[in-house]
Amino acid sequence: MEAEAVRVEVPLHITGFFRPYFSEDPLKTGSTGAGLVVIPGLLCELRRSNGYKLFYNGVETRIPPVEEIARSFNMMIDIRSNVPLGAGYGASGASALAVSLALKGILGGSELDAARRAHVAEVKNMTGLGDVTAIFCGEQLAIRTKPGAPGVGKVVAIRPSGNIWIVTSDLGVMSTRKMLESMGGKIEIYGKDAMDKFMENPSLESFFCLSREFSERIGFMRGELVEKLKSIEKNVIGLTVKKGVLLAAVDDGDLSEVIPNMRKIFGSVHLFRLGGMRRC
Ligand SMILES: Nc1ncnc2c1ncn2[C@@H]1O[C@H](COP(=O)(O)OP(=O)(O)O)[C@@H](O)[C@H]1O
Ligand SMILES: CC(C)(COP(=O)(O)O)[C@@H](O)C(=O)O
């Protein structure tokens with residue numbers, strides 16, 4: 001590795017609905033479903049050090065899939081992002097992908113090999129199923145039509161028209177493992193239903209409509225939260241909740257109404273554009 005720092009930036013991915021697929025082969029394990037690939041994502045900087053150390057937004061942190069890839073190297077890894085870990089932005093998958101790509105010079109192989117390494121680390125640690133493939137192979141509204149690692153799974157992308165912003169608020173944190181263990185049965189049934197309906201008429205509008213139905217059915221969105229969302233609903237193209245992320249698609253003309261409203265009700269607001277890497 002060069003003496004200089006290596007920097008890699010990757011988008012984030014927020015799933016709207018998904019259906020898990022498990023196999024003994026981690027490359028075949030993954031999910032189908034649809035999600036938004038958004039920028040700015042996270043920025044990872046790697047530099048030589050006298051041991052393995054990882055900082056997430058300046059705080060020394062453990063991210064198991066990143067450790068899996070990088071712990072045997074004497075590296076200082078500095079990851080910066082506007083979003084928290086564990087909320088549902090696919091930050092673990094994005095971190096693993098960024099670190100794996102940044103280590104490509106040492107580990108060898110192609111970008112696709114690096115992306116597969118990140119997918120396998122995610123699956124082994126149960127921190128994600130489809131995030132790495134959606135980020136690396138997809139863009140914008142990314143539809144995972146076949147589960148699996150980059151190059152094994154398939155991703156189709158839609159580029160919605162219009163001047164659209166993705167606006168999010170952080171509602172809390174839930175680990176992916178806990179979500180899959182406690183809600184796995186419902187996710188399986190309602191994820192399949194959402195995907196089947198979505199493929200009949202895929203669009204940004206139907207993505208939000210079906211994601212919201214999925215979210216209500218599996219229990220991300222309920223009671224008091226549904227009440228709080230009423231004052232935002234009229235100014236958005238669609239909204240849903242994934243784990244601890246409230247996400248809404250907002251037309252440019254409605255942004256000045258929605259941002260202060262979401263900030264007032266939920267405290268935090270992040271602004272994104274649809275983007276992506278589209279590498280396979
Ligand atoms: N403060 C933190 N909050 C949540 N997760 C954290 C934190 N610090 C480290 N982590 C690790 O980050 C990873 C988050 O992965 P995951 O639960 O899949 O969430 P996401 O990919 O949505 O950010 C987990 O491996 C978790 O152990
Ligand atoms: C939903 C999830 C299984 C986890 O996503 P996150 O909570 O962001 O780690 C994702 O990887 C997917 O397959 O869609």
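Predicted, not measured: the structure shown is a model, and the values here were computed from it. All ligand and atom numbering here is 1-based and tracks the order in the structure.
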A.B. asks: Tell me yes or no: between the side chains of Ser95 and Tyr56, is some donor less than 3.5 Å from an acceptor?
C.D. replies: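 Note: Ser95 and Tyr56 side chains miss the donor-acceptor criterion.
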
A.B. asks: Quick one: which residue pairs count as a salt bridge (Lys or Arg N to Asp or Glu O under 4.0 Å) with a foot in residues 26-42, not counting sequence neighbours?
C.D. replies: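 Non-adjacent pairs meeting salt bridge (Lys or Arg N to Asp or Glu O under 4.0 Å): zero.
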
A.B. asks: Using a 3.5 Å cut-off on N or O atoms only, is Ser92 in polar contact with ligand 2?
C.D. replies: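 Such a contact does not occur with ligand 2.
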
A.B. asks: Applying a heavy-atom cut-off of 4.0 Å, say which part of Tyr89 lies close to ligand 1: side chain, backbone, both or neither.
C.D. replies: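 It is the backbone that gets close, since no side chain atom is under 4.0 Å.
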
A.B. asks: Is there a nitrogen or oxygen of Gly93 sitting under 3.5 Å from a nitrogen or oxygen of ligand 1?
C.D. replies: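 No, there is no polar N/O contact under 3.5 Å.
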
A.B. asks: May I ask you to decide whether Arg117 forms a salt bridge with Asp113, counting only side-chain N to carboxylate O separations under 4.0 Å?
C.D. replies: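 Between Asp113 and Arg117 there is no salt bridge, as every charged N stays at least 4.0 Å from the carboxylate O atoms.
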
A.B. asks: Could you pull out, from Thr176, Val245, Leu12, the option with a heavy atom nearest to atom 17 (O) of ligand 1?
C.D. replies: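 Checking each option, the heavy atom nearest atom 17 (O) of ligand 1 is found in Thr176.
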
A.B. asks: Can you name the nearest heavy-atom pair linking Phe18 to Met179, along with the distance?
C.D. replies: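 Closest pair (atom of Phe18, atom of Met179, distance): CZ-CE, 3.7 Å.
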
A.B. asks: So for ligand 1, is Pro65 a polar contact partner (N or O within less than 3.5 Å, distance only)?
C.D. replies: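 No, since none of the N or O atoms of Pro65 sits under 3.5 Å from an N or O of ligand 1.
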
A.B. asks: Could you list the atoms of ligand 2 found under 4.0 angstrom from a heavy atom of Arg144?
C.D. replies: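 What qualifies from ligand 2 is 12 (C), 13 (O), 14 (O).
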
A.B. asks: Specify side chain, backbone, both or neither for Arg62, according to which of its non-hydrogen atoms lie closer than 4.0 Å to ligand 1.
C.D. replies: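 Answer for Arg62: backbone.
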
A.B. asks: Provide the number and element of each atom of ligand 2 under 4.0 Å from a heavy atom of Met179.
C.D. replies: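 It comes down to these atoms of ligand 2: 1 (C).
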
A.B. asks: So, regarding Phe18 and ligand 2 (criterion: nitrogen or oxygen to nitrogen or oxygen, under 3.5 Å), is there a contact or not?
C.D. replies: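 There is no such contact.
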
A.B. asks: Between Thr127 and ligand 1, find which residue part has any heavy-atom pair under 4.0 Å and reply side chain, backbone, both or neither.
C.D. replies: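 It is both parts that get close, each with some atom under 4.0 Å.
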
A.B. asks: Report, in ascending order of atom number, the atoms of ligand 2 lying under 4.0 Å from any heavy atom of Gly128.
C.D. replies: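 Under 4.0 Å from Gly128, ligand 2 has these atoms: 11 (O).
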
A.B. asks: Who's closest to atom 22 (O) of ligand 1 heavy-atom-wise, of Pro64, Ser81, Gly88?
C.D. replies: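 Ranked by closest heavy atom to atom 22 (O) of ligand 1, first place is Gly88.
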
A.B. asks: Judged by non-hydrogen atoms, does Ser175 sit under 4.0 Å from ligand 1?
C.D. replies: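 Yes, Ser175 has heavy atoms under 4.0 Å from ligand 1.
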
A.B. asks: Any N or O of His13 that comes nearer than 3.5 Å to an N or O of ligand 2?
C.D. replies: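 Among all N and O atoms of His13, none is under 3.5 Å from an N or O of ligand 2.
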
A.B. asks: Out of Thr176, Leu180, Thr29, Leu12, who gets a non-hydrogen atom closest to atom 9 (O) of ligand 2?
C.D. replies: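 Answer by nearest heavy atom: Thr176.
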
A.B. asks: Answer yes or no: does an N/O atom from Thr61 fall short of 3.5 Å to an N/O atom of ligand 1?
C.D. replies: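 No, since none of the N or O atoms of Thr61 sits under 3.5 Å from an N or O of ligand 1.
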
A.B. asks: Under a heavy-atom criterion of less than 4.0 Å, does Lys243 contact ligand 1?
C.D. replies: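 Under 4.0 Å: yes for Lys243.
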
